[in-house]
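In what follows, a single structure is set out as structure tokens and then discussed.
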Amino acid sequence: MNYEDVMNLAQRRGYLIRSAEAYPNTPAGFWDYGPLGVSLRNRYVEMWRKSIVKRDEMIEIDAAQIMPRSVFEASGHISNFTDPVVVCGKCRSLYRPDKLIEEKLGRATPENLPDAKYDELLKEHGIRCAKCGTPLSGTKRFNMMFKVGVGPQGDEAYLRPETCQGIFADIPFLFKTQRVKLPKGFAQVGKSFRNEIAPRQGVLRLREILQAEIEVCFDPGATATPRFDVAADYELSIAKGDVEPVPTRVSDAISAGTVPNKLVGYYLYLIQSFYEDAVGLKKEEIRLRTLTDVEKAFYSKVAYDLEVRTSVGWLELVACNYRSDYDLKRHSEVSGTDYTVEVDGRKVLPHIFELSMGVDRSLYVILERAYRSEKDAKGGDRVYLSLRPGLAPILAGVFPLVSKDGLDVEAERIYEELRADYDLFYDESGSIGRRYARADEAGVPFCVTVDQDTLTKGEVTVRSRDDRAQVRVKTDELGDWLEAKLVSG
RNA sequence: GCGGCCGUGAUCUAGUGGUCAGGAUUGGGGCUUCCCAAGCCUCCUGCGCGGGUUCGAAUCCCGCCGGCCGCACCA
């Protein structure tokens, strides 16, 4: 199992489609979800909603993707979501001037000096292109936000680079109307846009990504959380750096200072256990990597990346950031709106802890882990997706063993009867083995086959994808049987 | 963005200047009526895009787009 096999299957079976492939000049970094992909994604997001959003009584919103420049002035993205770059005038090599100066001087150089200052420093220290020796000059800014013009005057606005800015922009309204008591989680699923310099590796590095985010607002003076007890003895897979995770009880991690407080500990438990329980990953396949100061985003005080072991190495799926009061303070200042919440008669500006999940990457991980390739009886490859029933886009195929003697009529009747309640597909073309194989590759967990005995005894054969085992089920109990599989899986 | 390699139906691939671009798998239709991609018949879909060289380009050259790898970047 590797990246290419997974992406090949995903594209062949309608999980993923390269966006606008028919047009040769379509830029990289954009992918479409095909029919099976949409369904998988919907199920995955619903699982997240159930396991995290609803369980923790969070408030979910869906904000606009385009917001005015001022929002991103407040968020810091106008000035901080940019990198200074300098291009060699001769060979077009691209450099980060701050990194070059840092290297030369051996001390940290801020990445937010005026552009002219970089040119000055480059000149002063005689820094030249490493490739062709040409002196470097002409520093400019590359902002990774997509700029859009709104209305006939093209008013300056941007596609949000992270979904949370929509939550932050709405929070004063939500505080007022939703009778919010701290701590409170705010959730959102939606697209974010980042103009990556060089997107690569399919859905692992996109310019348009789907995020499922939680922003927890809390009183920094009261970081206890009502549900902490269930998390206290849970073992987090903590990794201090690029190392194997070490199982660490939440309460121990807090005493050791690895985790700043109970609230952060609780939410780390929530997100890691989601990947264990809902996605089916083992503790040693997950790590919460603590980020160093240089790795952290500009708004982040303490940061953990939830990473998962994959065929392409550890892959970051969730950014867990303690953003302190950075965001609400800035939005309050720039917008002039009161962002405080009343707690016991005091006005409190909440702090934020965020769990920012990359949905596309999570789905890739699910597909990669489900991918199975085995030799079949005749020495051919049997490829199937071992998706659990709760996640599989299609729960079962309904097939007449042969399309004669009324078997097709009965199979269609069964299909029609159940298809409103379960995701099924009907197929009578090709041999029964071919139909099983087709279903296997699409990740369909069960195939229901109607044979002669179905007509006389009222029983169908249900064949399982993973072990190819067959059981007989009473036709009129088939709905309950499928329901049970759906609930338990 | 730089360097290297690469780009033929949905997938894998043959084709290195000249007959209608060939095959396999998949997919559609039909026959067969069958419990793990059986067999037979049949059909659809392709040279990434643009320009150049040439009597003639999938093939040679240039540019662009895309892919993979390395560097850089990565909230």
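So that the names make sense, note that chain A is the first sequence line, chain B the second, and so on, each numbered from 1.
Remark: A:Arg18 does not engage A:Asp32 in a salt bridge, criterion side-chain N to carboxylate O under 4.0 Å. The existence of a salt bridge linking A:Asp242 and A:Arg289 is excluded, since no basic side-chain nitrogen approaches an acidic carboxylate oxygen closer than 4.0 Å. Salt-bridge check for A:Glu416 with A:Arg419: passed, with a basic side-chain N closer than 4.0 Å to an acidic carboxylate O. Of the charged side-chain nitrogens involved, none lies within less than 4.0 Å of a carboxylate oxygen, so that A:Glu333 and A:Lys329 do not count as a salt-bridged pair.
For A:Lys191, the salt bridge (Lys or Arg N to Asp or Glu O under 4.0 Å) partners two or more places apart in sequence, or in a different chain, are A:Glu208. In this structure A:Asn8 satisfies the side chain to side chain donor-acceptor pair (under 3.5 Å) test together with A:Arg12, sequence neighbours excluded. Under the side chain to side chain donor-acceptor pair (under 3.5 Å) criterion, A:Ser356 pairs with A:Gln211, A:Glu213, not counting sequence neighbours.
Across all strands shown, A:Asn8 has heavy atoms under 4.0 Å from sugar-phosphate atoms exclusively, and none from any base. Among the atoms of the strands shown, base atoms are found under 4.0 Å from some heavy atom of A:Pro161. As judged by a 4.0 angstrom heavy-atom cut-off over every strand, A:Arg194 is placed among the base-contacting residues. A:Tyr299 comes within 4.0 angstrom of the backbone, heavy atoms only, and of no base. The residue A:Ser192 sits apart from the nucleic acid: no heavy atom pair falls under 4.0 Å.
Nearest to the side chain of A:Tyr436, among B:rA10, B:rC74, B:rC36, sits B:rC36. Among B:rC68, B:rG66, B:rC35, the nucleotide with an atom closest to any side-chain atom of A:Gln470 is B:rC35. Comparing B:rC35, B:rC34, B:rG29 against the side chain of A:Asp451 picks out B:rC35 as the nearest. Nearest to the side chain of A:Arg205, among B:rC74, B:rC35, B:rG66, sits B:rC74. For A:Glu196, counting side-chain heavy atoms from C-beta on, the closest listed nucleotide (B:rC74, B:rC34, B:rG67) is B:rC74. For A:Arg200, counting side-chain heavy atoms from C-beta on, the closest listed nucleotide (B:rC2, B:rC74, B:rC35) is B:rC2. The side chain of A:Arg434 lies closest to B:rA38 when the candidates are B:rG66, B:rA38, B:rC74.
Checked by distance alone, A:Thr461 brings a side-chain donor or acceptor within 3.5 Å of a matching partner on the base of B:rC35.
As the counterpart of B:rC47, no nucleotide is assigned, since no Watson-Crick or G-U wobble pattern has both distances under 3.5 Å.
Within the structure, salt bridge (Lys or Arg N to Asp or Glu O under 4.0 Å) pairs that include any residue of residues 308-320 of chain A comprise A:Glu244-A:Arg309 (at least two apart or interchain).
Toward the 5′ end of RNA chain B lies the nearest nucleotide of A:Arg13, the other residue of the pair A:Gln201 and A:Arg13 mapping further downstream. Each of A:Trp31 and A:Glu354 lies near RNA chain B, and the nucleotide nearest A:Trp31 is the one positioned closer to the 5' end.
Of the residues in residues 401-417 of chain A, those placing a heavy atom less than 4.0 Å from an atom of RNA chain B are A:Leu401, A:Val402, A:Ser403, A:Lys404, in numerical order. For residues 319-328 of chain A, proximity to RNA chain B is found at no residue, defined as any non-hydrogen atom under 4.0 angstrom from a strand atom.
Residue A:Arg438 places at least one side-chain N or O under 4.0 Å from the OP1 or OP2 atom of B:rG28. Here A:Arg435 does not reach the OP1 or OP2 of B:rC36: none of its side-chain N or O atoms lies under 4.0 Å away.
Judged by a 6.0 Å distance limit and a 45° cone about the ring axis, A:Arg323 is positioned over the six-membered ring of A:Tyr299.
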